[in-house]
Amino acid sequence: MCGIIGYTGSANAIPKMMKGLSVLEYRGYDSVGVAAQRKNGTEIVKCKGRIGALEEKLRDEPIEDSRCAIGHTRWATHGGPSDENAHPHRAGKVVLVHNGIIENYKELRSELLGKGAVFLSETDTEVAAALINDCYAAEREPVAAIRKAAARMRGAFAFAILFDGREGEVYVIRRGSPLILARGRDGFYLASDMTALLPFTREYCALKEDEIACLLPDGVSICPADGTRFPPEWKTTTMTPESAQKGGFAHFMLKEIHEQPAAVVKSVSPRVNSKGLPDFSADGINADFWRSVRHIQVVACGSAMHAGLLGQRLIEDYAKVPTTVHIASEYRYHPPVMSEGTLVVVISQSGETADSLAALRYAKEQGIPTLAIVNAVETTIAREADRRVYTYAGPEIAVATTKGYCTQASVLWMIALAMAHAAGRLTDEKAREAVNCLLRDVPAAMEQMLSREDRYRKAARGLINHEHVFYIGRGIDYALSMEAALKLKEISYIHCEAYAAGELKHGTISLVEAGTPVLAISTERDLFDKTESNIREVRSRGAQVTLICRSDIAVPSETADELISLPVSSNAATVFSALLAVQCIAYEAASLLGCDIDRPRNLAKSVTVE
Ligand code: F6R
């Protein structure tokens, strides 16, 4: 949700800004801009639209000789997408870019208006620039000015700031929003996430909450409040530049769908011990901890919440530990009852989602143990949770998650097995067999499903001329249906609802008429007969039914118009195959409709505002 980047060093800064911004565009793409220091001062070029629009502007107004610059790609919050609202913003001697939201910007704005400030945009960011400028006038020193201004601001922010007359210096601060610093051969960088820095370097340091840093062409200092200065502790990321590129696929989403078989192995294998049993010791979690858990509250947003719903069924089925799933943005306003033995599990691919972070902080304030299931390493949620389990999916660039969700599901599956095994509900033999299914059957089945594009395209053709589509399923398949419906909606813009198959007849079936597409998922053998009855109910009212079903069930030909069969080497293999099928159907529908698959309208990858 908004991407920021910056550079100071010996090389030409603008090409670096453009390269980094093109990677960061998935965080928001309403407007884009850069500010570059030149001999005569700091120049800003910005516009509504995507990076191509900025490239065009820079062709007309080139900035050739800058060695120090900041850049921004925006997901509009305060003020719509426009040239004026685009970042960077200037106020007096300050030019800055911002990711986040300043909640008390109205009161700050009127205070600053009273002091004679003039605002050209509707943004909270311009207010922050004016506040820092005001503090700079009093303090005459950037770090003190930033600290003073930050103390007045409520909300979330990561700022990259240039001050007039301070050549080659970029100042940064973060609270709630992510910020990564990096060391390259020709200078120092900052960005909202590591993927934007991979074209330049793999050496990084994640800035901590409320930390201020100063980047110079020859070094970086972290600047704590006691006036001392110290260098960052640089680490080397395992990500490679290739991992953030499309690698021959038409879209990142398709690439990420294809990466899933390997991603499942990467997420499961670190949690398997030498005896082949589920074991989270490498994550600092032992069997006693699992045994101490009496009740789990899963908190997450969107697809991560859907992964939680899948996990709920698995944990309750295997480990018999009561599990509830909560939408993160609702959690702290209507918190469920917590008691001795409650564990709060926060799931987040990005590790930065503001609602999930707020829920995590709320749980911690109540003194409840927390565990985060996160993909992006060293992110705020991962750092702040008491325990963390990384999904190791690698960078996910497409806005619609696929491998992120898939690896959340596989980690939750392993948690369910580990808890059941620790509680003595699963013998060594059964636990080993279940782990093997995840490591062996799931990737093989998903690989097999990847080659069925023609089936997915055919199913997608049946959807694209309709305004409303339904997914139905029971048990785990209802949880999968929710994710399937979200995938279809967000990238193809076709309205789609997920229903528990037995629930449709309690009202919503009135929307089914001749030709209405209904996709039914059936991965649970025992539930097939019931689901089939529900399919008959919609078919007899004219629905066009696509059934995504395990292949060991003899489906009568009159049950569905289209059948997509799923491998049945194990239950897990069937579930993950169904997931892959619904992701591919959404992808094909969006592709047939000519949608911008990796960057759906109105969305951003990392939602760092509440
Ligand atoms: C949908 C999607 C979103 C995210 C949600 C949570 O495809 O990607 O619904 O799942 O915004 O994001 P994270 O997992 O980063 O907290």
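First listed ligand is number 1; within each ligand, the first listed atom is number 1.
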Student: Assess, by modelled atom type and distance only, whether the side chains of Arg174 and Thr380 contain a donor and an acceptor separated by less than 3.5 Å.
Tutor: yes
Student: NZ of Lys489: more than 12 outside heavy atoms within 6.0 angstrom?
Tutor: yes
Student: Can you list the ligand 1 atoms lying under 4.0 Å from a non-hydrogen atom of Glu490?
Tutor: 1 (C), 7 (O)
Student: List every atom of ligand 1 that sits less than 4.0 Å from any heavy atom of Gly302, numbering the atoms from 1 in the order shown and giving each element.
Tutor: 9 (O)
Student: Between Glu352 and ligand 1, which part of the residue brings a heavy atom under 4.0 Å of the ligand: side chain, backbone, both or neither?
Tutor: neither
Student: Which ligand 1 atoms does Val399 reach within 4.0 Å, using its non-hydrogen atoms?
Tutor: 8 (O)
Student: Whether the Ser350 and Thr353 side chains hold a donor-acceptor pair (N or O, under 3.5 Å, no angle test) is what I'd like checked.
Tutor: yes
Student: Given Thr353, Ile347, Thr402, which has its nearest heavy atom closest to atom 12 (O) of ligand 1?
Tutor: Thr353
Student: Gln583 and Gln260: side-chain donor and acceptor closer than 3.5 Å?
Tutor: yes
Student: Atoms of ligand 1 less than 4.0 Å from Ser348 heavy atoms?
Tutor: 13 (P), 14 (O), 15 (O), 16 (O)
Student: What closest approach, in Å, do Gln312 and Thr323 show between heavy atoms, and which atom pair accounts for it?
Tutor: NE2-O, 2.8 Å
Student: Can an N or O of Ser356 be found at a distance shorter than 3.5 Å from an N or O of ligand 1?
Tutor: no
Student: Does the distance from a Lys or Arg side-chain N to an Asp or Glu carboxylate O, for Glu259 and Lys255, drop under 4.0 Å?
Tutor: yes
Student: Any idea which protein heavy atom is nearest atom 3 (C) of ligand 1, and the distance to it?
Tutor: Ser303 N, 4.0 Å
Student: Please confirm whether Lys487 comes under 4.0 Å of ligand 1, counting heavy atoms of the residue only.
Tutor: yes
Student: Using a strict cut-off of 4.0 Å, indicate which atoms of ligand 1 neighbour a heavy atom of Gln349.
Tutor: 13 (P), 14 (O), 15 (O), 16 (O)
Student: Would you mind checking which non-hydrogen protein atom is closest to atom 6 (C) of ligand 1, with the distance to 0.1 Å?
Tutor: Cys301 O, 3.4 Å
Student: Would Asp30 and Arg74 pass as an ion pair if we require N to O under 4.0 Å?
Tutor: no
Student: Please could you name the atoms of ligand 1 that Ser350 approaches to less than 4.0 Å, counting only its heavy atoms?
Tutor: 13 (P), 15 (O), 16 (O)
Student: If you draw the axis of the six-membered ring of Phe157, does the NZ or CZ of Arg175 fall within 45° of it and under 6.0 Å from the ring centre?
Tutor: no
Student: Which residue holds the protein heavy atom closest to atom 11 (O) of ligand 1, what is that atom called, and what is the gap in Å?
Tutor: Val607 CG2, 4.2 Å
Student: Taking only heavy atoms of Ala304 into account, list the atoms of ligand 1 that are under 4.0 Å away from them.
Tutor: 10 (O), 14 (O)
Student: For Tyr493, is the NZ or CZ atom of Arg601 found under 6.0 angstrom from the centre of its six-membered ring and inside 45 degrees of the ring axis?
Tutor: yes
